[in-house]
Chemist: 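This structure is in structure tokens; I'll ask about it shortly.
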Amino acid sequence: MLHLFTALFVAAVLESRFAVTADVQLVVPSSPSSQNVVASNFFGISFELSFMNEYFGNDTDTIPQAMLNYLSQIRSRTGSNDVRIRVGGNSGDVSTYVPTQASPMLILTDPDADSNSQPVNYGPMLWEVMEKVSEEVNGVQYLIGLTINTTNTDSVIAGDATKFLGNHLDAMLLGNEPDLYTAHDQRPNVVNYTVDDYIGEYSAALHDISNTTAGDLTNGHNVAGPTVCCDWDLATLLDQGYLSNFTNVLKYITLQHYPQNNCFGSYQYQLVYYTQHGNLVDLAAWQKPGINIITGNTTRGAPRMLMSEFNSASCGGIPGISDTFAVGALWSIDYALQLASVGYTAAYIHTREQGISYNLVTPPNVSEINTGPWTTDPPFYALIATAEILASSNGIIINDLNVSTDVNATIGGYAIYDATNSSLNRIVLFNYGTDSIEFRLPSGIKATNPTNATVKYLSASSITEKYEIAWGEQTFLGAGDGKPISANTSNGWAYANQSVDCSNGCNITAPGPSLSVVFLDSLSSSSHKSSSGSMSVFGRRSIVMGSGVALIWTFVLLWIFE
């Protein structure tokens, strides 16, 4: 009897050391239910105007090579599509354009202003720098913010931007968060700034940019709005005249939204909120009636939906939450894919000045941005992984697989389809937990290369990790120049790519925490380096051992002790 208890005790120890893997059977539709097509450059970057110099220098001669390297990493993954960059934010609505201003391209005019809305003087050098950046990285398309506070300057800004950016100017955003103009005292003579007030000012701004040095810029669908964030209902605004008045000039209908704010030193949600997939499903449904109005119009040239600014929490994020692997990397990808699945054409993750917790990268001090080391933060990994997930020459359609009905589930998954032939290109699996999960992919899937599929992992040592992060056997840890280096896949947190035969179904084990991407198309054959059998060992975690194996160990140990 003593031998039996001893054997059971040792088996229990083994069971706790090798975490039990839960099985999740995936149900993958043969074709996508959505018709919303997105491109490989869906995931863009939003830069706050007032801090552009911290990332791009003072003029065309001082653009940091590290920043160009970072953007090139994204561009190398977007195929024929340019990197998306938006320049603007709250500071764009309160800054002054000075047509004669050269270097430096930005001059801070009120250091004592609210840190969330720092006004600057800026001039044509900003557009010259942006065009040089586009040349250096082989393609960037820009959204630029125009103010509707002082519309008499918009014609000059728009004319200069068009002159220097040319075809790289994607669209102009007229105004920023007009639903907060009253709260932010930006219309002191208006008791309650309404939709009607906004439509009137929008019309004035359009009139202003219809006569610029670059011609009538209201032609060709180069304009975007309303860029509401918080208080206004999009469907109501659209129905009250915004669409009927401006459809002929609008390229995009824009929103910007954060799950919560940290503007006043307090916030509602802790880290666990971001690890539950159901929460971001609800978040992406914000303004759903208005989104449905836009996505329901499939007429050629009709405006498309954009999320022109988002991140984990407004006013700079939350230290210890926004700067973690779980939120900055996993949640950012999960939310971007969710936005794509519900009708958005693109989404821009926001970044601000050095020291802000949700930033993509951390440059050295401004005086050293061309010589000092840069630090890669978790959200940057989200950008390059998403670009690979969405890579396609035909466009992509995304379906949420709804892998769990549990609202508190810390797993999620998506099917990525080719927009032309509906073949299954990729399966994307999220595991925010600490234990590994085994996802079962069914047989009979319609994919171009299921026999030689490749699984790549975005992983870290824990959900709260900031720097020990790897994607597809590469990491930016220890690289200060914006170029990744090989990750040590024996370190316990970086995993080797796996080769899997999914022609008759397959099991995909997602370590905790991680993102696992199964490449089922022709791209999969180019990146795998190692193969897996029936049991895969990832660093310190054996990820297939379960109760059955433990039971076998029990009998083995009983035999030994006898």
Chemist: Considering all heavy atoms of both residues, which atom of R77 and which atom of I384 are nearest to each other, and what is their separation?
Modeler: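 Minimum heavy-atom contact is CD-O, 3.4 Å.
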
Chemist: Between T475 and I469 (side chain of the first, backbone of the second, donor and acceptor by atom type, cut-off under 3.5 Å), is there such a pair?
Modeler: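 Side chain of T475 to backbone of I469: a pair is present.
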
Chemist: Please answer whether the main-chain N or O of A391 pairs with a side-chain N or O of R426 as donor and acceptor at a distance below 3.5 Å.
Modeler: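 Flag set: sc R426 to bb A391 pair under 3.5 Å.
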
Chemist: Give a yes-or-no answer on whether the side chains of N279 and Y269 include a donor-acceptor pair shorter than 3.5 Å.
Modeler: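 No - no donor-acceptor pair under 3.5 Å links their side chains.
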
Chemist: Applying the side chain to side chain contact (heavy atoms under 4.5 Å, CB included) criterion to L337, which one of L280, L390, D400, V38 satisfies it?
Modeler: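 Result for side chain to side chain contact (heavy atoms under 4.5 Å, CB included) with L337: L390.
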
Chemist: Could you check if a side-chain atom of L238 sits within less than 4.5 angstrom of a side-chain atom of I253, using non-hydrogen atoms only?
Modeler: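 Yes; the side chains approach each other to less than 4.5 Å.
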
Chemist: Using modelled atom types only, decide if a donor and an acceptor are shared between the side chain of Q270 and the backbone of Y273 within a distance under 3.5 Å.
Modeler: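 Flag not set: sc Q270 to bb Y273 has no pair under 3.5 Å.
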
Chemist: List the steps and the verdict of side-chain contact (heavy atoms from CB on, under 4.5 Å) for T182 and V190.
Modeler: CA-CA 8 Å; T182 296; V190 179; 5.6 Å; no

Chemist: Flag the pair Y70 / Y55 as yes when their ring centroid distance falls below 6.0 Å, and as no otherwise.
Modeler: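 Y70 vs Y55: aromatic centres not under 6.0 Å.
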
Chemist: Any side-chain heavy-atom pair from N222 and L169 closer than 4.5 angstrom?
Modeler: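 N222 does not reach L169 side chain to side chain.
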
Chemist: Scan side-chain atoms only and decide if Y274 and D334 contain a donor-acceptor pair under the 3.5 Å cut-off.
Modeler: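 No.
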
Chemist: Please walk me through it: do W493 and E465 pass side-chain hydrogen bond (donor to acceptor under 3.5 Å, both in side chains)?
Modeler: CA-CA 10 Å; W493 54 266; E465 178 57 41; over 6 Å; no

Chemist: What heavy-atom pair brings Q118 and L108 nearest, and what distance separates the two atoms?
Modeler: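 Here Q118 and L108 meet closest at OE1-CD1, 3.5 Å.
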
Chemist: Output yes when a side-chain donor or acceptor of T254 lies under 3.5 Å from a complementary backbone atom of T227, and no otherwise.
Modeler: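 Yes; judged by distance alone, with no hydrogens or angles, the pair exists.
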
Chemist: I'd like to know if the side chain of E54 reaches the main chain of Q354, judged simply by a donor and an acceptor atom lying under 3.5 Å from each other, with no hydrogens or angles considered.
Modeler: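 Flag set: sc E54 to bb Q354 pair under 3.5 Å.
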
Chemist: Between Y267 and N261, does the side-chain contact (heavy atoms from CB on, under 4.5 Å) criterion hold? Intermediate values first, please.
Modeler: CA-CA 6 Å; Y267 49 91; N261 74 62; over 6 Å; no

Chemist: Using side-chain heavy atoms (C-beta onward) and a distance below 4.5 Å, is V98 in contact with I107?
Modeler: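 Of all side-chain heavy-atom pairs linking I107 with V98, none is under 4.5 Å.
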
Chemist: How close do T78 and A387 get, counting heavy atoms only, and between which atoms?
Modeler: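 What the structure gives for the nearest pair is CG2-CB, 4.2 Å.
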
Chemist: State, to 0.1 Å, how close A205 and L174 come at their nearest heavy-atom pair, and which atoms those are.
Modeler: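 Shortest heavy-atom separation between A205 and L174 comes out as CB-CD1, 4.1 Å.
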
Chemist: Find out whether the Lys NZ or Arg CZ of R187 is both under 6.0 angstrom from the six-membered ring centre of Y193 and within 45° of the ring's axis.
Modeler: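 Judged by the rule (NZ or CZ under 6.0 Å from the ring centre, within 45° of its axis), R187 counts as positioned above Y193.
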
Chemist: Should the heavy atoms of other residues, nucleotides or ligands under 6.0 Å from CG of D282 be counted, would the total exceed 12?
Modeler: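 Counting other residues, nucleotides and ligands, CG of D282 exceeds 12 neighbours.
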
Chemist: Considering only heavy atoms from C-beta outward, does the side chain of Y258 approach that of S312 to under 4.5 Å?
Modeler: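 They are not in side-chain contact.
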
Chemist: Dump the intermediate steps for side-chain contact (heavy atoms from CB on, under 4.5 Å) on K163 and T213, then the final yes or no.
Modeler: CA-CA 8 Å; K163 172 185 174 183; T213 55; 5.9 Å; no

Chemist: If you apply the rule side-chain hydrogen bond (donor to acceptor under 3.5 Å, both in side chains), what do you find for D160 with Y97, and how did you get there?
Modeler: CA-CA 10 Å; D160 283 354; Y97 191 75; 2.7 Å; yes

Chemist: For the rings on Y202 and Y242, is their centre-to-centre separation under 6.0 Å?
Modeler: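 Centroid distance Y202-Y242: below 6.0 Å, so yes.
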
Chemist: Give a yes or no on whether the backbone of A214 and the side-chain of T212 come within a donor-acceptor separation of less than 3.5 Å.
Modeler: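 Yes: the side chain of T212 pairs with the backbone of A214.
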
Chemist: Just how far is it from atom OG1 of T247 to atom CD1 of I294, taken to the nearest 0.5 Å?
Modeler: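 Reported to 0.5 Å precision, the distance equals 7.5 Å.
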
Chemist: Test your reading of the model: is there a side-chain donor-acceptor pair from S332 to the backbone of V327, 3.5 Å cut-off?
Modeler: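 Yes; at least one donor-acceptor contact below 3.5 Å.
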
Chemist: Consider side chain to side chain contact (heavy atoms under 4.5 Å, CB included). Of N58, N121, L49, V129, which one does L106 pass it with?
Modeler: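 Per the side chain to side chain contact (heavy atoms under 4.5 Å, CB included) rule, the option paired with L106 is L49, out of N58, N121, L49, V129.
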
Chemist: Decide side-chain hydrogen bond (donor to acceptor under 3.5 Å, both in side chains) for S72 and N69; before the verdict, give the C-alpha distance in whole Å, the side-chain angles of both, and the deciding distance to 0.1 Å.
Modeler: CA-CA 5 Å; S72 294; N69 291 342; 5.3 Å; no

Chemist: Could you check, using the six-membered ring where one of them is a Trp, whether Y344 and F42 have ring centers closer than 6.0 angstrom?
Modeler: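 Judged by ring-centre distance (under 6.0 Å), Y344 and F42 do not meet the cut-off.
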
Chemist: To the nearest 0.5 Å, how far apart are CD in E473 and OH in Y457?
Modeler: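 It is 10.5 Å, given to the nearest 0.5 Å.
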
Chemist: In sequence, state the C-alpha distance, the side-chain angles, and the governing distance for D377 and T362, and then conclude on side-chain hydrogen bond (donor to acceptor under 3.5 Å, both in side chains).
Modeler: CA-CA 7 Å; D377 300 317; T362 301; 2.7 Å; yes

Chemist: Answer with yes or no whether the side chains of E48 and S91 bring together a donor and an acceptor at under 3.5 Å.
Modeler: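 The criterion, which ignores hydrogens and geometry beyond distance, is satisfied for E48 and S91.
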
Chemist: Does any non-hydrogen side-chain atom of L458 lie less than 4.5 Å from one of Y381?
Modeler: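 Sidechains of L458 and Y381: in contact.
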
Chemist: For the residue pair F380 and F476, does the interplanar ring angle fall in the parallel (under 30°), tilted (30 to 60°) or perpendicular (over 60°) class?
Modeler: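 Taking F476 first and then F380, their aromatic rings stand perpendicular (interplane angle over 60°).
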
Chemist: Using 0.5 Å steps for rounding, measure from the OG1 atom of T162 to the CG atom of L217.
Modeler: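 Separation between the atoms: 4.0 Å.
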
Chemist: Taking all atoms of both residues into account, what is the closest heavy-atom pair of W232 and L237, and its distance?
Modeler: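 In this case the closest contact between W232 and L237 is CE3-CD1, 3.5 Å.
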
Chemist: Can you tell which of N90, D185, D231, V228 makes a side chain to side chain contact (heavy atoms under 4.5 Å, CB included) with L180?
Modeler: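 Among the candidates, only D231 passes.
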
Chemist: Measure the spacing between CD1 of I463 and CD1 of I321 and express it to the nearest 0.5 Å.
Modeler: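 It comes to 10.5 Å.
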
Chemist: If you define the side chain from C-beta out and look only at heavy atoms, does anything of M305 sit under 4.5 Å from L255?
Modeler: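 The answer is yes; the side chains approach within 4.5 Å.
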
Chemist: Carefully, step by step, assess I318 and Q260 under the rule side-chain contact (heavy atoms from CB on, under 4.5 Å).
Modeler: CA-CA 10 Å; I318 304 166; Q260 62 176 334; 3.6 Å; yes

Chemist: For T410 and T275, does a side-chain donor sit closer than 3.5 Å to a side-chain acceptor?
Modeler: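 Looking only at side-chain atoms, T275 and T410 do not form any donor-acceptor pair under 3.5 Å.
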
Chemist: I need the minimum non-hydrogen distance between Y142 and S134, along with the two atoms involved.
Modeler: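 Closest heavy-atom pair between Y142 and S134: OH-N, 3.9 Å.
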
Chemist: Determine whether Y414 and F430 make a side-chain contact, defined as any pair of heavy atoms from C-beta on separated by less than 4.5 Å.
Modeler: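 Result yes, sub-4.5 Å side-chain heavy-atom pair found.
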
Chemist: Side chains of V83 and N41, heavy atoms from C-beta outward: is any pair under 4.5 Å?
Modeler: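 Contact flag for V83/N41 side chains = no.
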
Chemist: Run the numbers on Y198 and Y181 for ring pair (Phe, Tyr, Trp, His ring centres under 6.0 Å), then give the verdict.
Modeler: CA-CA 10 Å; Y198 169 70; Y181 282 172; 7.6 Å; no

Chemist: Looking at D170 and L143, would you say the former's side chain and the latter's main chain have a donor-acceptor pair under 3.5 Å?
Modeler: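 No; zero donor-acceptor contacts below 3.5 Å.
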
Chemist: Got a donor-acceptor contact below 3.5 angstrom from the R86 side chain to the G44 backbone?
Modeler: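 A pair under 3.5 Å: no.
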
Chemist: Quick one about N359 and T351 (side-chain donor to acceptor, distance below 3.5 Å, no hydrogens or angles considered), yes or no?
Modeler: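 Yes, N359 and T351 have a side-chain donor paired with an acceptor closer than 3.5 Å.
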
Chemist: Between N262 and G317, is there a donor-acceptor pair closer than 3.5 Å when you use the side chain of the first and the backbone of the second?
Modeler: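 Answer holds: yes.
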
Chemist: Atom CG of D82 and atom NE2 of H168: how far apart are they, to the nearest 0.5 Å?
Modeler: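 These two atoms lie 5.0 Å from each other.
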
Chemist: How many angstroms lie between NE2 in H257 and CZ in F310, if you round to the nearest 0.5 Å?
Modeler: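 Rounded to the nearest 0.5 Å, the NE2-CZ separation comes to 12.0 Å.
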
